[in-house]
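Letters A, B, ... mirror the listed sequences (proteins, then strands); counts begin at 1.
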Protein chains: 2
Amino acid sequence: MSENPLKVVPVAMASDSVPLDCRNCGAYKLCMTLWLKNGDVSLFERVVKKKRIFKRGEMLYRMGQPMEYLYVIRGGSVKTCISTDDGQVRVIGFHVAGELLGLNAIESREYNCNACATAITSVCEVSIGRFEELVRNDSAIQNEVFKIMSAEIRHGHDLLLFGKYNAEERLAAFLLSLSRQFAKCHCSATEFSLSMSRSDIGNYLGLAEETVCRIFARFQDEALISSECRHIKLNNLERLRQIASKANVTA
Amino acid sequence: MSENPLKVVPVAMASDSVPLDCRNCGAYKLCMTLWLKNGDVSLFERVVKKKRIFKRGEMLYRMGQPMEYLYVIRGGSVKTCISTDDGQVRVIGFHVAGELLGLNAIESREYNCNACATAITSVCEVSIGRFEELVRNDSAIQNEVFKIMSAEIRHGHDLLLFGKYNAEERLAAFLLSLSRQFAKCHCSATEFSLSMSRSDIGNYLGLAEETVCRIFARFQDEALISSECRHIKLNNLERLRQIASKANVTA
DNA sequence: CGCGCTATTGATGACGCTCAAGACCCGTGG
DNA sequence: CCACGGGTCTTGAGCGTCATCAATAGCGCG
């Protein structure tokens, strides 16, 4: 994320007509490129088709559906998950403001997972047709797409490695990754509210809901965290990091 | 795989000077496009830098290394795996003739996993520099890259879903997927030799080596398979399929 | 106010891991 | 040629982690 080929975009030049809340958006550079590339706001606005609000529990898109839009999360939160014919479901990601969703399946033209709002969520809806045209002709955007897909592959790998760790280690790692995610969007790294249920967390980490509860309770007992339902405060990042990076050394 | 945008390549036109063993290669279409696009064999041969042989246990590339070459497997077999700082390793794939390896990290310019030959393996080594140039300028090749990365993402999802199934179900599914893989390269779908160890299989499926052995033994007892060390014969595909697709209905 | 969803905590036991020992195979070197 | 060692495979015994089942409490929402 830090060394981005698009970072040279002359922000100041454009800033007079950019919506204020776009400035901190994770897709800002992408959007700006689309915009500057074509020189006028009208195109930008044709690409970002419209803003939409999803309520808690509503689906942005479903696995297998033809891909119509990309979504940039402006606020709220979204979980993505995959499912099988026999009804198994697995949560594969939680997403917050600034993230771009729906791109991973650009080749098959079908969404390859479900995306579901876990809270009131506001998004920018980006028409895939126009976007793709731009991908084809602009190697900077092309690279941005590669980057997003690479990140997706790497994230899958991280999830696979979770299988190697026990419940405590997984949950500690999860809390730390949330901490980083919040820090990245200028929120507190040590105190935040979870938008997802215990059940979702369990599913994501490959644990039962009850196990997640128990580990939360255990962490609470040991004063590592203060957990009041979905409000979490991390009291001992150092220790959490120890646990997350293979507890057997310390415990 | 079946509906490929490159399938219109006029094979006959080129066939007089194509090496015979390229015809059945999974990367054939990709190679041919590179070739036809540029009209002469010399370029093709500059892109496919050279052929190489890896012995069992040798690494084609390592995670984190700068990406120099792509590899097309001509014969033999390769396992890919990821590892963590604390020494955990997870096998994420087994690959056979015709597969293209090393592309998934095209954006970061570093390999994002290890690739290790599990048998004597012959490959075509493709220089990444020239390849990338072609990607940038050819939307058919571009699309091919998207396709490979998409497949990687989907495969990651499949592996994650394994977590939802028990040991028998996972192994049955694994055997069936091997069966399909062999069928695809014109080998027997019901009788084949495994190139990977029990330990590798276990790691791949998220099971202990011993558990894999036990399930093999159990399948053997129930006459589902005949397993003599690494030589496997599937005697009852139907039943294996039942097990693989959620055994609880039948057992 | 009552329904449903979520969270919590307890009791129980199963599945698969760990440890251990032995068999087998193969390549190496004496 | 055989002996040796290392790697792989197999099987057994025992245990631990975590899933499952169940009951209850809390909360938001219609």
Side-chain angles (χ1 to χ4, degrees), chain A residues 55-58 77 79 88-91 116-120 162-172 174 193-222 225-232 243 246-248 251, chain B residues 55-58 77 79 88-91 116-120 162-174 193-221 225-232 243 246-248 251:
Chain A
K55 282 185 290 200
R56 175 187 163 76
E58 286 183 340
S77 61
K79 69 176 176 191
Q88 299 287 5
V89 173
R90 172 116 193 204
V91 176
C116 175
T118 57
I120 294 280
F162 265 146
K164 293 282 173 184
Y165 299 95
N166 69 24
E168 278 199 355
E169 290 159 355
R170 292 184 209 185
L171 196 61
F174 175 67
S193 282
L194 303 177
S195 64
M196 69 292 275
S197 68
R198 298 287 191 262
S199 165
D200 284 337
I201 296 173
N203 189 306
Y204 178 68
L205 296 176
L207 299 170
E209 180 180 356
E210 296 93 327
T211 305
V212 174
C213 277
R214 278 182 248 271
I215 309 288
F216 266 122
R218 202 179 304 167
F219 282 175
Q220 172 111 269
D221 286 348
E222 296 168 7
I225 65 172
S226 311
S227 137
E228 204 169 321
C229 202
R230 296 200 179 184
H231 192 83
I232 303 283
I243 296 175
K246 209 53 192 161
N248 53 10
Chain B
K55 282 186 290 202
R56 173 186 163 77
E58 286 183 338
S77 60
K79 71 175 174 189
Q88 299 287 4
V89 173
R90 171 118 195 203
V91 176
C116 174
T118 57
I120 294 279
F162 265 145
K164 292 283 171 183
Y165 299 94
N166 69 25
E168 279 199 356
E169 290 159 354
R170 292 183 207 185
L171 196 62
F174 175 67
S193 283
L194 303 177
S195 65
M196 70 293 277
S197 67
R198 298 286 191 262
S199 165
D200 283 337
I201 297 173
N203 189 307
Y204 178 68
L205 297 177
L207 299 170
E209 180 180 357
E210 295 93 328
T211 305
V212 174
C213 277
R214 278 182 248 271
I215 309 287
F216 266 121
R218 202 179 304 167
F219 282 174
Q220 172 112 271
D221 287 348
I225 66 172
S226 312
S227 136
E228 205 168 322
C229 204
R230 297 200 177 185
H231 192 85
I232 302 284
I243 295 174
K246 208 54 191 164
N248 53 10

Nucleotide [N], atom [atom2] - distance to [atom1] of [X] in whole Å:
X	N	atom1	atom2	answer
B:Gln220	D:dT11	CD	P	9 Å
A:Asn166	C:dT18	CG	C1'	15 Å
A:Phe216	C:dT9	CZ	C1'	16 Å
A:Phe219	C:dT9	CZ	C1'	18 Å
A:Ile232	C:dA7	CD1	P	10 Å
A:Arg198	D:dC27	CZ	P	13 Å
A:Arg56	D:dG30	CZ	P	12 Å
A:Tyr165	D:dC18	OH	C1'	19 Å

Between the main-chain N or O of [Y] and the side-chain N or O of [X], is there a donor-acceptor pair closer than 3.5 Å?
X	Y	value
B:Arg56	B:Ile120	no
B:Arg170	B:Phe162	yes
B:Asp200	B:Val91	no
B:Arg198	B:Glu210	no

Proximal nucleotide (of [options]) relative to the [X] side chain:
X	options	value
A:Glu209	C:dA7, D:dC18, D:dT10	C:dA7
A:Ser227	D:dT11, C:dT6, C:dT8	C:dT8
B:Cys213	D:dT8, D:dT11, C:dT6	D:dT11
B:Cys229	D:dC18, D:dC9, C:dG16	D:dC9
A:Ala208	C:dT8, D:dA19, D:dC18	D:dA19
A:Glu210	D:dG12, D:dA22, D:dC9	D:dA22

Contact class for [X] (heavy atom, under 4.0 Å): base, sugar-phosphate, or nothing?
X	result
A:Gly57	nothing
A:Arg230	sugar-phosphate
A:Gly202	nothing

Donor-acceptor pair present, A:Arg218 side chain and D:dT17 base, under 3.5 Å: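 Answer no: no donor N or O sits under 3.5 Å from an acceptor.
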Distance-only donor-acceptor test (3.5 Å): side chain A:Arg214, base D:dT20: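 Answer yes: a donor N or O sits under 3.5 Å from an acceptor.
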Phosphate OP1/OP2 of C:dC17 contacted by B:Thr211 side-chain N/O (<4.0 Å):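 The answer is yes; a side-chain N or O of B:Thr211 sits under 4.0 Å from OP1 or OP2.
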Minimum heavy-atom distance A:Ala117-A:Lys55, with the two atoms named: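 In terms of heavy atoms, the two residues are closest at CB-O, 3.6 Å.
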